[in-house]
Amino acid sequence: MPGVCFVSDDAAIIAPIPDSELTPAVRAALAEYADRNALLRAALADTRARVADLEELADTDPLTPLANRRRFLREMEVAAARAERHGTPAALLWIELEGLKAINDKHGHTAGDAALIHVARLLAGLVRATDHVARVGGDQFALVLDHLDHNSAIETAERVGRFIQANPLDLGGNYVILTAAIGIATILPGDRVDDVLARAHRNVKVARLEN
């Protein structure tokens, strides 16, 4: 029988309406229903977009263009779970920017913030698409390096240290050479995130790059 059907969001027919019952009042009610449904869909899409924006803000460092500690810990959990299930190698580089207090004292806190942003951009330009870089607090950064064994992590740490030193901070023509202390920890099957962080912290002085 010809007529109009109500259709739900999953495209399942709810009920056909015969032509004989499509009075002007029914047609008006159907049109109003369609308009309200369109408005609800638009409102839902807007809400989802706002939630996505808020989630992004909650995972982003307020100063630098990097992820924050919250996002970093979540990525560490993923890497530890992957190592446990599949034995996939991964590594953590814990990076501490040296001399930030001296920069703040000599040039002001704006220069200190510029140093942090500068290092953040350098690190972001070094990582692969499968890696994760975050500012985890103060003068500390972290790299979660996927599919990287310990020896390769050491090579990466040396490269990162040299790259930071080779790209001084430009403070209006006054160039400040930055250095970093780096701790390395391989993410092993059975590791908890705290275990990996503790190993990286213990190795920071060992991995200090002064040359």
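All figures in this text were calculated on a predicted structure; none of them were measured in a lab.
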Peer 1: Less than 4.0 angstrom from a charged side-chain N to a carboxylate O is my criterion; do D146 and R128 meet it?
Peer 2: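 R128 and D146: not salt-bridged.
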Peer 1: Would you name the heavy atoms of I187 and A83 that are closest together and state the gap between them?
Peer 2: O-CB, 3.9 Å
Peer 1: Has the side chain of H86 got a donor or acceptor atom that lies under 3.5 Å from a matching backbone atom of A81?
Peer 2: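 Pair absent, no side-chain N/O of H86 close to backbone of A81.
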Peer 1: Are the charged groups of R74 and D59 less than 4.0 angstrom apart, N to O?
Peer 2: yes
Peer 1: Please report the closest heavy-atom contact between A114 and L169, naming both atoms and the distance.
Peer 2: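 Here A114 and L169 meet closest at O-CD1, 3.8 Å.
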Peer 1: Using modelled atom types only, decide if a donor and an acceptor are shared between the side chain of D170 and the backbone of Y175 within a distance under 3.5 Å.
Peer 2: no
Peer 1: Using a 4.5 Å cut-off on heavy atoms from C-beta on, say whether the side chain of F141 contacts that of V133.
Peer 2: no
Peer 1: To the nearest 0.5 Å, what is the distance between OG1 (T88) and CG (L148)?
Peer 2: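 Between atom OG1 of T88 and atom CG of L148 there are 12.5 Å.
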Peer 1: Side-chain contact test, heavy atoms from C-beta onward, threshold under 4.5 Å: evaluate it for I182 versus W94 and give yes or no.
Peer 2: no
Peer 1: For residues V119 and L178, report the shortest heavy-atom separation together with the two atoms involved.
Peer 2: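 Shortest heavy-atom separation between V119 and L178 comes out as CG2-CD1, 3.7 Å.
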Peer 1: Is R159 salt-bridged to E155, cutoff N-O under 4.0 Å?
Peer 2: no
Peer 1: Hey, are R199 and D195 close enough for a salt bridge, meaning a charged N less than 4.0 Å from a carboxylate O?
Peer 2: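 A salt bridge is absent here (no side-chain N lies under 4.0 Å from a carboxylate O).
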Peer 1: Answer yes or no: is there a side-chain heavy-atom contact under 4.5 Å between L143 and V127?
Peer 2: yes
Peer 1: Could you go step by step and tell me if N167 and H118 meet the side-chain contact (heavy atoms from CB on, under 4.5 Å) rule?
Peer 2: CA-CA 9 Å; N167 289 273; H118 177 69; 4.2 Å; yes
Peer 1: Quick one: does H107's side chain get under 4.5 Å of V176's, heavy atoms only?
Peer 2: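 Yes - at least one pair of side-chain heavy atoms lies under 4.5 Å apart.
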Peer 1: Got more than 12 heavy atoms from elsewhere within 6.0 Å of CD1, I177?
Peer 2: no
Peer 1: Looking at R71, is its backbone amide N or carbonyl O close enough to the side chain of N68 to form a donor-acceptor pair, meaning the two atoms are under 3.5 Å apart?
Peer 2: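 Answer holds: yes.
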Peer 1: Any side-chain heavy-atom pair from L93 and T156 closer than 4.5 angstrom?
Peer 2: yes
Peer 1: Can you confirm whether I95 sits close enough to L123 that some side-chain heavy atom of one is under 4.5 Å from a side-chain heavy atom of the other?
Peer 2: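 Answer yes - side chains close enough.
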Peer 1: Between D61 and R69 (salt bridge meaning N to carboxylate O under 4.0 Å), is one present in this structure?
Peer 2: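 Not counted as a salt bridge, because no side-chain N and carboxylate O are separated by less than 4.0 Å.
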Peer 1: Calculate, to the nearest 0.5 Å, the distance between atoms CG and CG belonging to D131 and L145 respectively.
Peer 2: 5.0 Å
Peer 1: Can you tell if the side chain of M76 reaches within under 4.5 Å of the side chain of V196, non-hydrogen atoms only?
Peer 2: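 A side-chain contact under 4.5 Å exists here.
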Peer 1: Is the shortest heavy-atom distance from the side chain of F163 to the side chain of L126 under 4.5 Å?
Peer 2: yes
Peer 1: Do you reckon L63 sits in the same ILVMFWY cluster as I103, going by side-chain contacts under 4.5 Å, direct or chained?
Peer 2: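 In one cluster with L63: I103, yes.
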Peer 1: Between the side chains of D113 and T110, is a donor N or O closer than 3.5 angstrom to an acceptor N or O?
Peer 2: no
Peer 1: Check the pair I184, L92 against side-chain contact (heavy atoms from CB on, under 4.5 Å), reporting the backbone distance first and the verdict last.
Peer 2: CA-CA 6 Å; I184 304 167; L92 166 66; over 6 Å; no
Peer 1: Do you know the tightest heavy-atom contact between P189 and G87?
Peer 2: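 Between these two residues, the closest heavy atoms are CG-CA, 4.4 Å.
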Peer 1: Is a donor on one side and an acceptor on the other found under 3.5 Å between the side chain of E84 and the backbone of G190?
Peer 2: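 The answer is yes, because a donor-acceptor pair under 3.5 Å joins these two groups.
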Peer 1: Taking everything shown except R36 itself, do over 12 heavy atoms lie less than 6.0 Å from its CZ?
Peer 2: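 Count not over threshold, so no.
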Peer 1: Look only at the side chain of R135 and the backbone of G138, and say whether a donor-acceptor pair between them is shorter than 3.5 Å.
Peer 2: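 Pair found, side chain donor or acceptor close to backbone of G138.
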Peer 1: Establish whether L188 and V144 are linked, either directly or via other cluster members, by ILVMFWY side-chain heavy-atom contacts under 4.5 Å.
Peer 2: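 Each belongs to a different hydrophobic cluster.
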